[in-house]
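Before any comments, here is the structure.
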Amino acid sequence: MMHMAFDSGRSLLIGGRWEAADDAMPVINPWSGEALGAVACADASHVERAVASATRGAEAMRTLSTGERSRILHSAAAALEADDERFAAAITTETGKPIRGARREVARAVNTLRLSAEEAVRLAGETIAFDSFPGGEARAGHFVYEPVGVIAAITPFNDPLNLACHKLGPAFAAGNAVVLKPAEQAPLVAIMLARLLLAAGLPEEALCLLTGRGSDFGDALTGHADVAMVSFTGGVRVGESICRAAGIKRLAMELGGNGPVIVMDDADVETAAAACASGAFGAAGQNCIGVQRIYVQDAVYDAFQGALVVATERLRVGDPMDPETDVGPMVGSGAAERMIASIVEAVGRGASLLAGGERAGTLVRPTVLANVPRDARVACREAFGPVVSLFRFTDLDEAIDAANRTDYAIHAAVFTESLRTARHAARRLRAAGVMVNDSTDYRLDAMPFGGAGRGNMGREGVRFAAREMSQTKVICFHDA
Ligand code: NAD
């Protein structure tokens with residue numbers, strides 16, 4: 001079995017060697033409940049050694065030529081592509097993501113690493129026109145991008161491979177070293193990725209990996225004076241606590257969303273409903289750009305609601321390893337219980353349950369709600385589970401105002417055949433990306449990706465992340 005290699009719990013990568021710790025924790029398959037193995041729980045003493053090692057690794061990376069950084073990342077991408085089935089199976093067994101989605105994630109991660117390899121040789125500065133202002137005559141020069149040093153990369157469970165690649169790829173392209181802390185629930189894929197990168201020729205101290213609980217060693221890592229930047233993807237609550245612990249250093253915060261979709265009366269209702277069902281329930285809704293709120297214009301409301309319920313009930317729910325499965329389990333029974341509690345709260349306050357609403361262990365049936373009070377948890381907070389709420393509207397601006405009523409936004413979407421409507425919505429929707437005739441659940445790994453509104457700090461998407469993981473340095477020659 002692919003996971004047996006981790007049973008020893010030697011999952012801490014420090015100074016190029018794999019180590020165990022005094023404490024260990026199991027990794028559980030959310031579908032079967034089976035323990036896939038155990039990983040070491042790092043503590044503050046491991047952080048000290050990891051950061052010291054990564055500091056040496058940062059020196060090695062800084063002096064590595066851009067061509068060599070690019071070669072390592074290309075060869076990691078090729079190795080991942082060659083081993084795609086094993087990685088996909090690992091994603092599915094540790095997160096419960098259906099295997100078709102896990103295969104897509106691996107393919108995307110290969111692309112993320114390739115984009116990083118290309119960025120390594122493109123991350124160049126520019127000539128500066130010093131003589132453009134009096135006092136600059138007789139000067140010539142340019143700026144370059146230099147690495148920031150040691151980056152603490154902290155990732156969530158839901159895309160355990162591609163989100164790690166979105167931090168490691170740009171960090172290495174820009175010549176940094178990384179201490180990676182994968183999610184408690186899904187550390188095994190990160191361990192496989194670290195092995196693959198070392199085998200591809202990454203300098204051995206350029207990457208440390210610390211498994212275990214964020215609450216045990218997160219503050220020691222993010223607050224460490226020799227960590228130059230914290231790149232975090234996860235929930236708002238943890239993000240806030242990281243910002244407090246980190247103090248003054250560079251921060252990238254990729255937080256949650258509450259994806260709104262607007263369906264206009266000129267839209268193709270069947271296409272919009274199919275896209276919304278897929279965007280709401282893929283990965284059991286555990287998706288930061290998943291569809292959570294759908295605003296439908298009066299004239300097509302009934303038709304859209306009917307089509308969405310049919311598309312939802314058609315989804316195959318069950319064993320995530322079965323290629324026919326569309327919706328698998330949530331990551332744990334606690335997450336499933338919280339999801340059902342939020343659905344029950346909404347229904348108790350008058351929402352109509354149109355589909356789903358039941359739980360069996362970690363499995364929550366895809367749930368469609370209507371008449372949801374605006375301040376119910378499923379509508380006003382990130383749900384991060386398989387539930388979607390329908391709202392009826394008459395006037396587009398009213399729908400846009402409702403869609404914008406959230407603190408944390410990533411993508412928003414609009415279905416319409418009218419260019420004028422699409423452009424108006426794109427201008428007025430407060431989001432970091434507006435998808436026209438797609439649901440919120442669309443991302444190309446090369447595009448800028450991040451948040452809008454409160455807590456938005458930084459952009460991923462390889463080219464953008466690589467710049468955030470660099471600092472500019474000006475070099476000016478005076479012909480005196
Ligand atoms: P989480 O916030 O619970 O955990 C994220 C990571 O933070 C984990 O590795 C966890 O171990 C670590 N952590 C916990 N406490 C810490 C501490 N004190 N110091 C340092 N690290 C600590 O998130 P999750 O449940 O794994 O993932 C779901 C969340 O991630 C959702 O809110 C989702 O929207 C968000 N997300 C955002 C994006 C994006 O790109 N914007 C992508 C995927 C997921």
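We use all heavy atoms of the structure for the numbers below, so side chains are in, but hydrogens, waters and symmetry mates are not. No experiment lies behind these values; they were computed from the predicted model shown. Whatever order the structure lists them in is the order used to number ligands and atoms, beginning at 1.
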Using a 4.0 Å heavy-atom cut-off, say whether [X] meets ligand 1 through its side chain, its backbone, both or neither.
X	result
Asn158	side chain
Cys288	both
Ala245	neither
Glu382	side chain
Leu163	side chain
Leu221	neither
Val331	neither

_Tell me whether the rings of Tyr295 and Phe391 are parallel (<30°), tilted (30 to 60°) or perpendicular (>60°)._
parallel
*Does the side chain of Val106 come within less than 4.5 Å of Leu80's, by heavy atoms?*
yes
Do any nitrogen or oxygen atoms of [X] lie less than 3.5 angstrom from nitrogen or oxygen atoms of ligand 1?
X	result
Phe157	yes
Leu255	yes
Arg213	no

Residue and atom name of the nearest protein heavy atom (relative to [atom]), distance in Å to one decimal:
atom	answer
atom 11 (O) of ligand 1	Glu184 OE1, 2.4 Å
atom 40 (O) of ligand 1	Phe449 CE2, 3.3 Å
atom 33 (C) of ligand 1	Phe384 CE1, 3.2 Å
atom 14 (C) of ligand 1	Val238 CG1, 3.5 Å
atom 19 (N) of ligand 1	Gly218 CA, 3.3 Å
atom 35 (C) of ligand 1	Gly234 O, 3.3 Å
atom 12 (C) of ligand 1	Ile154 CG2, 3.7 Å

Taking NZ, NE, NH1 and NH2 as the nitrogens, is one of them in [X] or [Y] under 4.0 Å from a carboxylate oxygen of the other?
X	Y	result
Arg463	Glu118	no
Glu59	Arg56	no
Arg459	Glu468	no
Arg49	Glu19	yes
Asp83	Arg195	no
Arg100	Glu324	no
Asp219	Arg244	no
Glu119	Arg467	yes

Which ligand 1 atoms are under 4.0 Å away from a heavy-atom of [X]?
X	value
Phe232	2 (O), 5 (C), 6 (C), 7 (O)
Ser241	18 (N)
Gly214	11 (O), 13 (N), 14 (C), 15 (N), 16 (C), 17 (C), 18 (N), 19 (N), 22 (C)
Pro182	9 (O)
Thr155	6 (C), 8 (C), 9 (O)
Ile410	41 (N)
Ala183	8 (C), 9 (O)
Ile242	19 (N), 20 (C), 21 (N)

Return the minimal non-hydrogen interatomic distance between [X] and [Y], and the atom names on each side.
X	Y	result
Leu429	Ala412	CD1-CB, 3.9 Å
Ala42	Leu12	CB-CD2, 4.0 Å
Val39	Ser11	CB-OG, 3.4 Å
Gly385	Met339	CA-SD, 3.4 Å

*Using heavy-atom distances, let me know which of Gly259, Ala152, Gly235, Pro156 sits nearest atom 27 (O) of ligand 1.*
Pro156
*Under a heavy-atom criterion of less than 4.0 Å, does Thr233 contact ligand 1?*
yes
*Is there a heavy atom of Phe217 sitting under 4.0 angstrom from any atom of ligand 1?*
no
_Polar side chain donor-acceptor pair, Asn162 to Glu105, under 3.5 angstrom_ = no
_Step-by-step side chain to side chain donor-acceptor pair (under 3.5 Å) determination, Asp441 to Ser439_ = CA-CA 5 Å; Asp441 183 28; Ser439 88; 5.1 Å; no
